[in-house]
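Values in this document were obtained by computation on a predicted structure and should not be read as measured data. Residue numbers start from 1 in every chain, and the chains themselves are labelled A, B, ... in the order their sequence lines are given, proteins ahead of strands.
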Protein chains: 2
Amino acid sequence: MPGYDPTDFPAVAVTVDLVALTVAADELAVLVVRRGEEPFAGQEALPGGFVQPDEDLLAAAQRELAEETGVGPASAHLEQLASYGTPGRDPRMRVVTVAHLALVADPPAPRAGSDAAAARWAPVAEVSPGLAFDHDTVLRDGVERARAKLEYSSLGASFCAPEFTVAELRRVYEAVWGRRLDPRNFHRKVTGTAGFLEPTGETTTRDGGRPAQLYRRGPAAALHPPLLRTDG
Amino acid sequence: MPGYDPTDFPAVAVTVDLVALTVAADELAVLVVRRGEEPFAGQEALPGGFVQPDEDLLAAAQRELAEETGVGPASAHLEQLASYGTPGRDPRMRVVTVAHLALVADPPAPRAGSDAAAARWAPVAEVSPGLAFDHDTVLRDGVERARAKLEYSSLGASFCAPEFTVAELRRVYEAVWGRRLDPRNFHRKVTGTAGFLEPTGETTTRDGGRPAQLYRRGPAAALHPPLLRTDG
DNA sequence: CCAAAAGTGTTCAAAGTACACCCATGA
DNA sequence: TCATGGGTGTACTTTGAACACTTTTGG
């Protein structure tokens with residue numbers, strides 16, 4: 001391994017890409033931007049950009065998320081997903097991208113004024129085959145990660161407002177997994193798991209029916225046993 | 001996002017690092033190399049190196065693994081782990097490393113003749129606090145990933161020779177998890193899960209006791225329900 | 001009153017856990 | 001013979017799954 005010098009190693013650009021997911025209208029949606037330039041001009045792509053010289057990878061992803069949606073670090077879950085660096089994935093030059101997964105609570109209207117002209121939240125199935133670069137693969141990996149994480153963590157609450165009902169949380173699970181869940185067993189499961197939910201003491205009737213308890217996300221990370229395999 | 005030009009984006013080097021694990025003497029061991037130059041000269045580090053201009057990330061990791069151990073792609077499981085790019089993690093310049101996790105069956109004597117002079121398989125606890133760069137973190141993440149994957153896949157067999165007994169496989173699990181398992185329930189579990197093991201029809205007495213059936217790894221990926229929480 | 005949704009109780013089946021027990025081998 | 005480890009059977013407990021049922025709101 002020779003000494004490090006800019007001429008010693010290949011020219012590689014490092015970017016961060018975002019798989020930003022939200023649940024809107026009981027459907028899993030992803031943030032995409034319309035490309036204005038070649039390559040893939042006119043096609044949609046995941047938002048992304050260069051990592052700045054003194055910027056951590058996660059910080060770069062946070063910056064991108066804020067730029068495209070206005071969502072700050074406090075209102076979304078953000079974690080690294082995987083890196084993609086196949087030669088030729090960007091025809092212009094060698095680009096290694098570190099993809100990140102963001103779970104966003106409320107679908108705030110994407111800011112049209114920023115550098116990414118036309119950003120929008122689109123149902124995953126609507127854009128999924130058809131994204132630029134290798135972003136179909138990246139999106140698939142992100143959705144798969146999100147599905148897996150709901151099963152053994154309390155991350156599903158990241159898709160909900162700070163205070164939410166069990167029914168709202170259940171609709172998140174149903175949207176992400178694409179499967180109906182038994183409301184009664186779901187209720188028993190999430191309220192019966194220590195640390196998963198924190199009751200606020202207040203109730204609401206916004207779902208219809210009788211007043212429902214409002215909860216906040218609890219500190220628990222584990223839900224481990226397979227969470228409800230059935231439908232209702 | 002401006003056009004791509006080597007002067008437009010920060011100079012970043014991309015490397016691959018390896019968390020190569022094996023089970024030797026009923027203990028989880030990791031491949032480390034002794035550094036000969038600054039920074040961290042004299043300290044041990046995970047093996048790694050630059051990604052070549054037209055080389056895929058996984059291919060680069062395969063090359064590194066072969067260079068350091070002589071192990072080819074067929075005899076080891078290799079997957080991407082995560083990327084680490086905190087500014088300053090390498091004092092010389094900005095380096096983003098894509099860490100990979102390798103599970104190696106037999107601990108072949110590391111090749112001393114290669115560019116990494118002194119490579120060795122060391123018990124994880126022996127080197128763990130004390131590695132160069134941020135490699136303690138990388139190693140911790142790799143071990144955590146390995147532990148998790150054993151629970152819901154048949155990857156444990158990657159630590160065994162092509163043909164192995166249930167007892168050998170159990171010792172792998174015990175080494176990785178650092179916990180004793182009930183031999184009888186373990187046997188029932190792995191032989192009772194469809195696709196997990198493939199009997200070869202032959203037996204051996206190398207473990208002592210009565211002749212034991214030899215198995216190969218089956219195609220199954222899922223083991224899902226929590227695999228044995230108890231000790232013997 | 002009726003529909004809809006929250007929340008509880010009950011029952012059944014499946015899976016993990018503990019452990020007694022037998023079998024085959026080598027020393 | 002005895003110690004060692006492979007392999008089977010069995011009983012107990014926990015958990016998921018299905019579903020009947022009551023309660024409380026809005027229309």
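When rounded to the nearest whole Å, the span between CZ of R180(A) and P of dC19(D) equals 15 Å. Going from atom CG of D182(B) over to atom C1' of dA15(C) covers 15 Å, rounded to whole Å. One can place CG of L169(B) at 17 Å from P of dG5(D), the figure rounded to the nearest angstrom. The distance from atom CZ of F186(B) to atom P of dA15(C) is 18 Å, rounded to the nearest whole Å. Atom CZ in R171(A) sits about 11 Å away from atom C1' in dA6(C), given to the nearest Å.
Look at R63(B) and E67(B) and you find a salt bridge, because one of the NZ, NE, NH1 or NH2 atoms lies within 4.0 Å of a carboxylate O, short of that distance.
The residue among R188(B) and E168(B) whose nearest nucleotide of DNA chain D is located toward the 5' end is E168(B).
The side-chain hydrogen bond (donor to acceptor under 3.5 Å, both in side chains) search around E44(A) returns R120(A), not counting sequence neighbours. The side-chain hydrogen bond (donor to acceptor under 3.5 Å, both in side chains) test applied to R216(B) returns E163(B), not counting sequence neighbours. Partners of Y215(B) according to the side-chain hydrogen bond (donor to acceptor under 3.5 Å, both in side chains) rule, which considers only residues two or more places apart in sequence or in another chain, do not exist here. The ring-ring contact (aromatic ring centres under 6.0 Å, His included) search around H100(B) returns none, not counting sequence neighbours. Shown here are the side-chain hydrogen bond (donor to acceptor under 3.5 Å, both in side chains) partners of S83(B), two or more places apart in sequence or in another chain: S83(A).
Considering only the side chain of T205(A), dT25(D) comes nearest among dT10(C), dT25(D), dG16(D). Comparing dG7(C), dG9(D), dG7(D) by their closest approach to the side chain of H187(B) singles out dG7(D). Taking only side-chain atoms of R184(B), from C-beta outward, the nucleotide of dG16(C), dG7(D), dG6(D) with the closest atom is dG7(D). Here dC19(C) is the nucleotide among dC19(C), dC19(D), dG7(C) with the atom lying nearest to any side-chain atom of N185(B).
R170(A) comes within 4.0 angstrom of sugar-phosphate atoms only, judged by non-hydrogen atoms across all strands, and of no base.
When only modelled atom types and interatomic distance are considered, S158(B) and R217(B) share a side-chain donor-acceptor pair under 3.5 Å.
In the region residues 210-217 of chain A, proximity to DNA chain C at under 4.0 angstrom, judged on heavy atoms, holds for R210(A), P211(A), A212(A), Q213(A).
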